[in-house]
Amino acid sequence: MLSVTPNTAGVVTLPKGLVGAGFAPVADESRAINGTVGDITAVDPRMTARNVNVYYGDKLAINDVSLDIGKNEVIAMIGPSGCGKSTFLRCLNRMNDTIDICRVEGEIKLDEQNIYDSSLDVVPLRAQVGMVFQKPNPFPKSIYDNVAYGPRIHGLTSSKSELDDIVEESLLKAGLWDEVKDRLAETGTGLSGGQQQRLCIARTIAVAPEVILMDEPCSALDPIATARVEELIDELREQFTIAIVTHSMQQAARVSQRTAYFHLGQLVEVGKTDDIFTNPRHGLTEDYITGRFG
Amino acid sequence: MTNTLLILILLGLMALAYHLGVRRSQKLVGGPGGVRGLHSLPSYYGFFTALWCGLPALIMLLLWVSLQGSVIRDLIVSDLPEAVRNLPEARLGLVINDIQNLAQGNIVSGEVSPEMAQAAEHYKSLLRTSYAASFVVILSLAIAGLSLGWRLISPQFRARNRVESVLKWLLIGCSTIAIFTTLGIVLSVLFESIRFFGQIPITEFLFGLEWSPQMAIREDQVGSSGAFGVIPLFVGTLLIALIAMLVAVPIGLMSAIYLSEYAGSHFRAYAKPLLEILAGIPTVVYGFFAALTVAPFIRDNGELLGLDVSSESALAAGLVMGIMIIPFISSLSDDVINAVPQTMRDASLGIGATHSETVKKVILPAALPGIVGGILLAVSRAIGETMIVVMAAGLSANLTVNPLQSVTTVTVQIVTLLVGDQEFDSPKTLAAFALGLLLFLVTLILNVVALRVVRKYREAYE
Ligand SMILES: Nc1ncnc2c1ncn2[C@@H]1O[C@H](COP(=O)(O)OP(=O)(O)OP(=O)(O)O)[C@@H](O)[C@H]1O
Ligand SMILES: [Mg+2]
């Protein structure tokens with residue numbers, strides 16, 4: 001639990017001050033948050049968030065966060081529970097609109113278009129920026145209808161055979177096709193947890209989004225199903241832009257190219273995954289990834 | 001009245017017993033500090049003692065009260081003169097009634113003979129003795145129980161287990177009472193119906209197209225022979241229920257969708273209780289609203305359109321009944337819709353479905369079984385509803401599906417059959433039981449199906 005071994009880097013670093021420190025978060029200068037440490041920009045940004053504040057009622061849940069989500073890369077968001085990872089992720093496709101008391105300030109752009117612009121329609125936005133949730137949530141419909149739900153709603157197909165193709169292709173991409181191709185008419189809720197989550201991923205990619213947001217997609221899965229989903233994320237990266245929230249630092253290290261560390265609603269540090277895990281620059285990041293916090 | 005006093009004394013004794021039990025258990029382990037040395041908490045020892053004190057005494061009291069009447073009666077009868085004793089059972093009952101009335105100072109049906117006065121005196125003294133004896137017996141039983149319970153207390157004694165098992169039996173007793181009462185009602189309706197079917201063949205009852213239960217009560221009366229075909233009543237019932245459902249289902253369902261999906265929390269906080277007030281209006285109020293306001297309104301407007309509307313119409317009753325059922329449907333559907341997990345909505349919205357698409361394609365299909373269950377429950381309510389139809393639907397058993405005509409329902413006919421003086425073995429009276437049985441069976445089936453459906457729906461998310 002203590003040592004984090006990012007296998008991408010292959011180096012184990014036990015940061016200084018760990019031995020005998022009693023694992024209490026150390027309060028000193030290096031733990032103060034003065035803006036974000038590291039480079040918030042991506043080489044080829046697809047989404048850019050600038051100075052985002054999110055309030056639940058009067059409570060500030062996200063405090064002045066700026067971050068790019070780059071094309072064809074996976075960005076992992078980590079941080080202790082309640083630090084605002086989900087909240088930030090849900091800002092990116094305006095899922096926060098469904099919460100009455102939630103208010104978002106700042107600017108979030110998808111390909112130069114401000115998604116909080118009053119002229120923008122959230123419906124096509126959410127088709128472009130899809131979301132996979134923490135708990136697998138297939139509809140109580142057949143496997144086929146689950147995947148076909150999005151394409152039908154958006155009128156993406158004109159014939160049954162086109163729809164069949166989309167369903168097959170999405171299930172193939174989600175790595176579920178072989179397991180379900182003979183039982184497409186069975187209900188999606190009858191699948192195992194890992195299969196359900198892959199079904200949800202298939203459902204999301206069936207509308208051909210450009211960005212996929214994943215909020216702890218593996219938290220309900222066993223290690224084998226997790227490995228499958230991680231493999232899948234790696235494959236999907238070639239076509240999609242992916243932002244993933246995770247509590248598993250191993251997972252963040254395995255699947256992501258960039259990592260962002262959140263703390264109490266603020267973005268503390270962001271950078272290349274290898275760098276963050278081998279050489280964190282902020283004291284809080286270091287505490288977290290070495291297991292001294294959270 | 002003396003029994004009330006007795007019960008009060010018993011309650012007082014039980015309180016005392018509780019106190020004594022608590023005290024003794026604490027004392028046994030050396031004051032309240034030593035509670036850990038006891039098997040159960042001191043209050044359980046208190047309850048245990050109180051139960052020992054109260055339960056046997058109360059059971060005795062019950063027995064006493066239920067047996068006292070017949071024992072005294074037998075004693076009185078055995079003292080009556082030979083001639084009276086040999087009277088037929090029914091006449092003897094009358095005599096005893098007279099004696100009791102005389103003893104209580106009420107008006108007596110005939111002349112008061114000296115024997116009767118004597119018997120009444122005897123009756124009074126017996127009653128007095130019985131009360132006095134019950135006092136003594138029951139109170140001594142209570143005190144004996146108290147001391148026994150008190151004595152049984154020891155630190156290892158498992159008072160909690162005992163008290164809990166008594167409680168368990170109490171709960172079992174209560175549920176058995178409920179079950180047996182229902183069973184008793186059903187059986188009595190069943191037996192009376194069987195008597196009815198002994199006089200009118202069941203096929204005639206079920207498939208007959210004419211309903212006119214008026215028949216000669218006495219031999220010398222002129223009257224129609226009576227026809228007991230239930231079809232017109234059922235058609236009327238279903239017609240009114242259908243109209244009610246046509247009103248209640250769309251309005252109830254849509255207001256439920258609005259309240260649970262679209263309304264802000266502020267609006268919902270006021271609208272929901274307001275809607276539920278509708279459910280609190282007594283049906284008799286709906287009834288005269290239907291009879292005095294809606295029915296004339298429909299008739300007047302119908303006449304303007306040149307339609308022939310009778311002053312009591314199925315439409316009026318059905319409309320008002322529909323309004324009555326709206327809160328029923330809306331609150332049931334609201335519950336069901338709210339039970340659809342938020343993750344379903346998130347999933348649908350997250351793909352880019354609009355709110356209304358989400359409602360149509362995900363929430364309603366997911367909630368449908370529950371909604372159907374709710375509607376079935378509402379139908380069974382509509383079928384069993386009485387007051388509105390008595391006041392607004394009319395009495396004439398027309399076999400028609402024209403909502404502007406007057407029709408009658410099963411419940412209305414049961415009411416009219418039993419209102420007024422009746423002979424309890426004429427088919428006219430017994431028909432009420434047969435109708436009741438039929439109604440019971442129909443609503444039972446509806447409820448069973450509805451509950452099945454609802455339960456199945458629950459399983460889908462658990
Ligand atoms: N619907 C809501 N209403 C009010 N406050 C909320 C709501 N959702 C989240 N919050 C608050 O916002 C803060 C951030 O929550 P968020 O769910 O984004 O945390 P998180 O980083 O995703 O945590 P976790 O790792 O446990 O999922 C928390 O303090 C939480 O209490
Ligand atoms: Mg979260």
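As the structure is a prediction and not an experimental result, all values here were calculated from the model.
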Student: Any chance the side chains of A:Thr246 and A:Gln251 put a donor and an acceptor closer than 3.5 Å?
Tutor: yes
Student: Is the distance between the ring centroids of B:Tyr258 and B:Phe267 under 6.0 Å?
Tutor: yes
Student: By a 4.5 Å heavy-atom criterion (distance strictly below it), what part of A:Tyr149 contacts chain B: side chain, backbone, both, or neither?
Tutor: side chain
Student: Checking A:Asp117 against A:Gln113: is there a side-chain donor and acceptor pair closer than 3.5 Å?
Tutor: no
Student: Between A:Val132 and chain B, which part of the residue has a heavy atom less than 4.5 Å away: side chain, backbone, both or neither?
Tutor: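 The answer is neither part of A:Val132.
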Student: If I measure from the heavy atoms of chain B, does A:Val207 come under 4.5 Å with its side chain, its backbone, both, or neither?
Tutor: side chain
Student: Check this for me: does any side-chain nitrogen of one of B:Glu261 and B:Arg345 sit under 4.0 Å from a carboxylate oxygen of the other?
Tutor: yes
Student: Could A:Arg152 and A:Asp145 be called an ion pair, given the rule that one side-chain N must be under 4.0 Å from one carboxylate O?
Tutor: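 Judged by the 4.0 Å cut-off on N to carboxylate O distance, A:Arg152 and A:Asp145 do form a salt bridge.
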Student: Can you say whether A:Arg94 sits under 4.5 Å from chain B via the side chain, the backbone, both, or neither, judging by heavy atoms?
Tutor: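 Neither part.
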Student: What residue in A:Ala127, A:Pro124, A:Gly130 has the most heavy-atom pairs under 4.5 Å with chain B?
Tutor: A:Ala127
